[in-house]
Amino acid sequence: MDDQSDVPPALPPLFASTKPPPTLLTQGAEALLYRTHFLLPTHPCALKYRPSKPYRHPTLDKRLTRHRILSEARTLVKCRREGVSVPAVLALDAEPGEGNGAGGGWMMVEWVEGRTVREVLVEGAKRVKGSEGEERRDWEERVKGLMGKIGRAVGKMHEAGVCHGDLTTSNMMLRPIASSQTNGIMTNGDHVESEKRELEGEIVLIDFGLAAQILQDEDRAVDLYVLERAFGSTHPEAEAGFQEVLKVYGESYKGAKVVLKRLEDVRMRGRKKSMIG
């Protein structure tokens with residue numbers, strides 16, 4: 001017997017005739033993420049669809065969906081206005097159920113080329129595992145540079161008055177620098193250079209579904225704590241380099257001194273919670 005829970009809900013009628021059809025990338029508890037295009041097939045974009053929840057009262061469901069879509073869109077627009085590198089909002093409909101019977105709401109954002117920071121760090125760590133000497137030092141130096149870019153990106157976001165809410169390396173894209181490769185043929189030396197460039201590029205923060213526009217330093221400190229814990233569990237080989245994130249964060253955000261002090265308090269509460277269980 002087929003498990004119907006694995007079948008994603010149908011997209012709104014607006015996307016029924018899209019050619020090629022949207023490609024499902026991930027399916028979470030609240031939303032589904034698709035790759036599709038905006039206006040032209042040559043203009044790729046990401047489609048975030050929040051389907052209606054049958055277990056919620058219809059009126060409450062519509063209000064929650066509308067609030068969450070508009071809140072995320074407004075946060076992204078604010079970040080872009082303040083110079084934070086995030087995907088641009090292209091289109092949205094917070095109430096597509098009105099008049100056509102379809103439930104949920106959706107938002108289209110700019111497609112960000114590249115890979116997540118998580119993928120890049122995990123693959124790179126596997127490659128240099130057990131290595132020593134120059135190769136290892138070169139890797140650590142490039143990781144340090146990446147950490148600095150992460151700290152700068154987070155500092156700029158916090159400076160703009162935005163708290164991400166789910167700050168992990170899975171929600172950071174590393175948009176690659178333009179390649180000079182034109183003939184499609186790569187020599188062994190090209191592969192080496194490609195590996196060296198894998199940690200280069202621009203940090204783009206994504207998935208602001210849990211974000212909030214905030215004024216409290218406590219919220220900023222929790223953002224940093226979540227990221228620190230993510231490094232400890234997912235990237236233990238790079239955990240020591242997290243201090244570089246905090247160092248550059250402190251240099252790029254004027255209010256960082258108070259936030260970093262609050263981070264110590266958040267860490268202490270986290271340790272006590274772990275001890276109590």
Side-chain angles (χ1 to χ4, degrees), residues 2-39 43-82 84-112 116 157 160-168 170-173 204-216 219-220 222-223 226:
D2 293 336
D3 186 356
Q4 296 298 317
S5 64
D6 291 336
V7 179
L11 286 168
L14 175 66
F15 302 101
S17 59
T18 301
K19 301 295 181 183
T23 302
L24 179 63
L25 301 177
T26 60
Q27 180 173 354
E30 290 291 328
L32 298 91
L33 183 66
Y34 292 83
R35 175 169 177 152
T36 184
H37 61 269
F38 179 65
L39 299 180
H43 190 179
C45 71
L47 169 66
K48 188 172 187 177
Y49 174 50
R50 289 183 176 272
S52 61
K53 300 298 181 182
Y55 56 81
R56 287 199 291 240
H57 188 282
T59 302
L60 175 62
D61 185 58
K62 284 186 178 182
R63 287 179 178 174
L64 284 174
T65 299
R66 183 176 188 276
H67 169 74
R68 288 168 179 171
I69 290 176
L70 292 179
S71 177
E72 183 171 4
R74 287 167 179 154
T75 300
L76 288 170
V77 169
K78 179 175 183 177
C79 284
R80 296 274 295 189
R81 186 171 62 241
E82 298 295 331
V84 184
S85 188
V86 299
V89 177
L90 303 176
L92 64 82
D93 190 343
E95 300 177 271
E98 295 296 325
N100 61 20
W106 56 268
M107 177 175 65
M108 279 182 168
V109 299
E110 169 192 9
W111 181 260
V112 180
T116 65
M157 178 183 67
V162 171
C163 173
H164 189 279
D166 189 20
L167 202 56
T168 68
S170 294
N171 287 331
M172 298 177 182
M173 296 292 294
V204 182
L205 303 175
I206 62 171
D207 195 356
F208 281 71
L210 297 177
Q213 298 186 35
I214 45 89
L215 297 173
Q216 302 297 319
D219 297 321
R220 295 182 175 96
V222 171
D223 243 6
V226 170

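If you're wondering where the values come from, they're calculated on a predicted model, not measured in any experiment.
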Minimal non-hydrogen separation, [X] against [Y], with atom names:
| X | Y | result |
| --- | --- | --- |
| A29 | K53 | O-NZ, 2.7 Å |
| H37 | T18 | CE1-CG2, 3.6 Å |
| T116 | S170 | CG2-O, 3.7 Å |
| C79 | V162 | SG-CG2, 3.9 Å |

Got a sec: does the NE2 of H67 have more than 12 other heavy atoms crowding it under 6.0 Å?
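No, the 6.0 Å shell around NE2 holds no more than 12 heavy atoms from other groups.
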Is the number of heavy atoms from other residues, nucleotides or ligands within 6.0 Å of CD (E30) greater than 12?
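More than 12 heavy atoms, drawn from other residues, nucleotides or ligands, come within 6.0 Å of this atom.
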Side-chain heavy atoms of [X] within contact of [Y], under 4.5 Å:
| X | Y | answer |
| --- | --- | --- |
| Q27 | P9 | yes |
| T36 | M108 | yes |
| H164 | R220 | no |
| Y49 | F15 | no |
| L11 | L47 | yes |

Could you check L70 against L92 for side-chain contact (heavy atoms from CB on, under 4.5 Å), going step by step and ending with a plain yes or no?
CA-CA 8 Å; L70 292 179; L92 64 82; 4.0 Å; yes
Reported [atom1]-to-[atom2] distance for the pair [X] and [Y], which is rounded to 0.5 angstrom:
| X | Y | atom1 | atom2 | value |
| --- | --- | --- | --- | --- |
| I69 | R74 | CD1 | CZ | 11.5 Å |
| L210 | S71 | CG | OG | 10.0 Å |
| E95 | R66 | CD | CZ | 5.0 Å |
| F208 | K78 | CZ | NZ | 12.0 Å |
| M172 | I206 | CE | CD1 | 10.0 Å |
| L76 | R81 | CG | CZ | 11.5 Å |

Kindly determine whether M157 and D223 satisfy side-chain contact (heavy atoms from CB on, under 4.5 Å), including the steps that lead there.
CA-CA 11 Å; M157 178 183 67; D223 243 6; 3.6 Å; yes
Is there a donor-acceptor pair under 3.5 Å between the side chain of [X] and the backbone N or O of [Y]?
| X | Y | answer |
| --- | --- | --- |
| D219 | C163 | no |
| D61 | S52 | no |
| D166 | D207 | no |
| E110 | P87 | no |

Can you confirm if the aromatic rings of W111 and F38 lie within a centre distance of less than 6.0 Å?
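Centroid separation for F38 and W111: 6.0 Å or greater.
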Could you walk me through whether L25 and Y34 pass the side-chain contact (heavy atoms from CB on, under 4.5 Å) check?
CA-CA 5 Å; L25 301 177; Y34 292 83; 5.8 Å; no
Restricting to salt bridge (Lys or Arg N to Asp or Glu O under 4.0 Å), what partner residues turn up for R63, sequence neighbours left out?
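Per chain and number, R63 pairs via salt bridge (Lys or Arg N to Asp or Glu O under 4.0 Å) with no residue.
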Using side-chain contact (heavy atoms from CB on, under 4.5 Å), reason through K48 and V109 one step at a time and then give a plain yes or no.
CA-CA 8 Å; K48 188 172 187 177; V109 299; over 6 Å; no
